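The block underneath contains the structure these notes are about, expressed in structure tokens.
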Protein chains: 2
Amino acid sequence: MAEAPRKKARLPAGDRRALLEDAARACMARGGIREFTVDRIVAEAGVSRGLITHHFGSMDGLLVAVYARMYREWMEVIEAPRPGLSRIEAIIEALVSPELFDRDVLNIWLTLWGEISNNPVLREAHRQLYGDYRATIAAALREAAQANGRELDADTVASAFICLVDGFGVQRCVEPALLTEADARAACRAFLGPHVGPF
Amino acid sequence: MAEAPRKKARLPAGDRRALLEDAARACMARGGIREFTVDRIVAEAGVSRGLITHHFGSMDGLLVAVYARMYREWMEVIEAPRPGLSRIEAIIEALVSPELFDRDVLNIWLTLWGEISNNPVLREAHRQLYGDYRATIAAALREAAQANGRELDADTVASAFICLVDGFGVQRCVEPALLTEADARAACRAFLGPHVGPF
DNA sequence: GCTGATACTATACAACCGTTCAGCAAGGAT
DNA sequence: ATCCTTGCTGAACGGTTGTATAGTATCAGC
């Protein structure tokens with residue numbers, strides 16, 4: 001006979017934190033910032049009301065943790081090596097992959113952007129991470145341009161490219177039918193081609 | 001001696017509606033959807049708590065009204081004739097103009113996108129208006145391409161172009177320093193040039 | 001087996017949420 | 001002068017918000 005499931009078993013601190021972060025993301029994916037509330041999140045996670053404050057200090061603390069985890073997972077997919085593809089191609093494929101080009105994921109991002117724009121605590125957290133993202137894209141662009149013997153202002157192009165990608169996210173949230181994964185890939189390639197040359 | 005200001009003077013119904021819409025936008029520009037509350041809005045407008053329900057039935061009603069007005073004003077600037085410029089150039093100049101390329105305006109849009117994505121009432125309102133926007137852009141693209149004797153899938157390119165523009169909005173809200181009006185203009189032209197030819 | 005730290009629960013709290021509604025004020029019609 | 005309609009107020013409602021905190025369970029070190 002299997003062990004009877006002990007109620008309220010002790011868990012390593014990290015597990016419970018991750019559980020709450022996942023629950024918070026599920027709520028945000030479902031209903032944006034309006035679902036990011038203590039009651040919804042603890043109900044989703046199946047824990048007591050006090051646990052959020054216990055682990056994160058405040059709702060802002062949890063919000064920052066969610067942002068950090070979203071960012072980390074995003075970058076993992078972006079930076080994953082894809083055999084046979086150049087770095088810039090790999091990035092484009094990552095951006096239209098099921099992991100990143102996903103309504104739930106993008107709805108969480110849309111929600112986070114809205115908060116970054118208005119919440120000083122999250123804005124500060126964003127500032128620290130965002131530079132890395134742009135630098136990664138810019139490095140891939142520089143690499144592709146060099147392979148074709150071209151000059152380019154990698155930072156500026158990377159910035160505009162990120163705008164395009166963020167816009168895909170918006171579009172996919174507000175008008176999902178209008179933008180397929182193939183459209184997004186084609187738009188990325190059409191956008192970057194003139195700047196870095198064939199890839 | 002001037003007329004003594006009468007308190008609670010009667011106003012045409014439309015004026016009071018517009019007053020509330022403006023107050024709601026001021027709140028959203030300041031703090032996103034979290035500031036879109038009855039108390040904040042009526043305080044901003046200097047009217048009583050009951051007035052929102054009286055004129056709009058509910059907060060969702062006001063939200064739809066705000067969206068409709070944002071859309072109308074956006075389109076007015078987009079469609080304004082600009083002597084000496086082609087239609088597509090005029091649209092790009094409109095997009096980077098002080099009226100549209102404005103932190104407050106774009107923060108309201110970012111807030112509205114987040115709501116469209118999660119609020120069925122607003123999503124329905126959006127669906128009806130959005131098609132017109134895309135059609136306007138697509139028509140300008142077709143015109144430019146024809147002038148250069150080119151073929152293009154105007155709807156698809158318009159859709160991707162709108163993504164780019166929406167992404168500018170996101171970027172300007174979450175990282176205002178990184179994207180100047182000149183950057184945005186240059187990115188628009190670089191994006192459209194390869195599709196429609198010189199303009 | 002005690003002690004102290006840690007993980008967690010559950011209640012309580014004041015503040016705020018959107019909506020309802022009774023009533024007042026002002027003007028037009030009769 | 002009296003009614004009715006309309007624009008608007010302001011109090012009241014039940015429900016939800018985030019946080020503070022007292023109390024309970026569990027485990028490591030001794």
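Proteins come first, then strands; the chains are lettered A, B, ... in the order of their sequence lines, and each starts at number 1. Computed from a predicted model, the values in this text were never measured in an experiment. Every heavy atom of this structure was used, including side-chain atoms; hydrogens, water molecules and symmetry mates were not.
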> Can you tell me how far P of D/dT16 sits from CE of B/Met59, to the nearest Å?
Replying inline: 18 Å
> B/Leu63 CG to C/dT19 P: how many Å, rounded?
Replying inline: 11 Å
> How long is the line joining CZ of B/Phe56 and P of D/dC8, in whole Å?
Replying inline: 11 Å
> To the nearest angstrom, how far is B/His54 atom NE2 from C/dA22 atom P?
Replying inline: 16 Å
> Of all the nucleotides listed (C/dT9, C/dT19, D/dT17), which has the minimum atom distance to the side chain of A/Arg40?
Replying inline: D/dT17
> Does B/His55 have a side-chain nitrogen or oxygen under 4.0 Å from the phosphate oxygens OP1 or OP2 of D/dC8?
Replying inline: yes
>> On DNA chain C, compare the nucleotides closest to B/Gly57 and B/Arg34; which residue's is nearer the 5' end?
In response: B/Arg34
> Whole-Å distance between D/dT19 P and A/Leu62 CG?
Replying inline: 10 Å
>> The side chain of B/Thr37 is closest to which nucleotide in this list: C/dC17, C/dA7, D/dT17?
In response: C/dC17
> When you check the phosphate oxygens OP1 and OP2 of D/dC8, does a side-chain N or O of B/Arg16 lie under 4.0 Å from one of them?
Replying inline: yes
>> Set out, in order, the CA-CA distance, both residues' side-chain angles and the distance that settles side-chain contact (heavy atoms from CB on, under 4.5 Å) for B/Arg150 and B/His195, then state yes or no.
In response: CA-CA 8 Å; B/Arg150 294 222 195 181; B/His195 286 107; over 6 Å; no
>> With a 4.5 Å cut-off on side-chain heavy-atom distances among I, L, V, M, F, W and Y, is there a chain of contacts connecting B/Met70 to B/Ile91?
In response: yes
> Starting at CD1 of A/Ile52 and ending at C1' of C/dC8, how long is that distance when rounded to a whole Å?
Replying inline: 13 Å
>> Using the rule given for side chain to side chain donor-acceptor pair (under 3.5 Å), can you reason through B/Gln128 versus B/Tyr71, listing the C-alpha separation, both sets of side-chain angles and the distance that settles it, and then say yes or no?
In response: CA-CA 11 Å; B/Gln128 298 178 5; B/Tyr71 177 79; over 6 Å; no
> Is the distance from OP1 or OP2 of D/dT19 to the nearest side-chain N or O of A/Thr53 less than 4.0 Å?
Replying inline: no
> Tell me: CG of A/Leu51 to C1' of C/dT11, nearest whole Å?
Replying inline: 16 Å
> Per the atom types in the model, does the base of D/dT19 pair as donor or acceptor with the side chain of A/Arg49 at under 3.5 Å?
Replying inline: yes
>> Regarding B/Glu44 and B/Arg30, does a basic nitrogen lie under 4.0 Å from an acidic carboxylate oxygen?
In response: yes
> Which of these nucleotides, D/dG18, D/dT9, D/dT17, is closest to any side-chain atom of A/Asp39?
Replying inline: D/dT17
> Among the clusters formed by ILVMFWY side chains lying less than 4.5 Å apart, do B/Val105 and A/Ile116 turn up in the same one?
Replying inline: yes
> Looking for any heavy atom pair under 4.0 Å, which part of the strands does B/Phe36 touch: base, sugar-phosphate only, or nothing?
Replying inline: sugar-phosphate
> 5'-most contact on DNA chain D: B/Gly50 or A/Ser58, nearest heavy atom basis?
Replying inline: B/Gly50
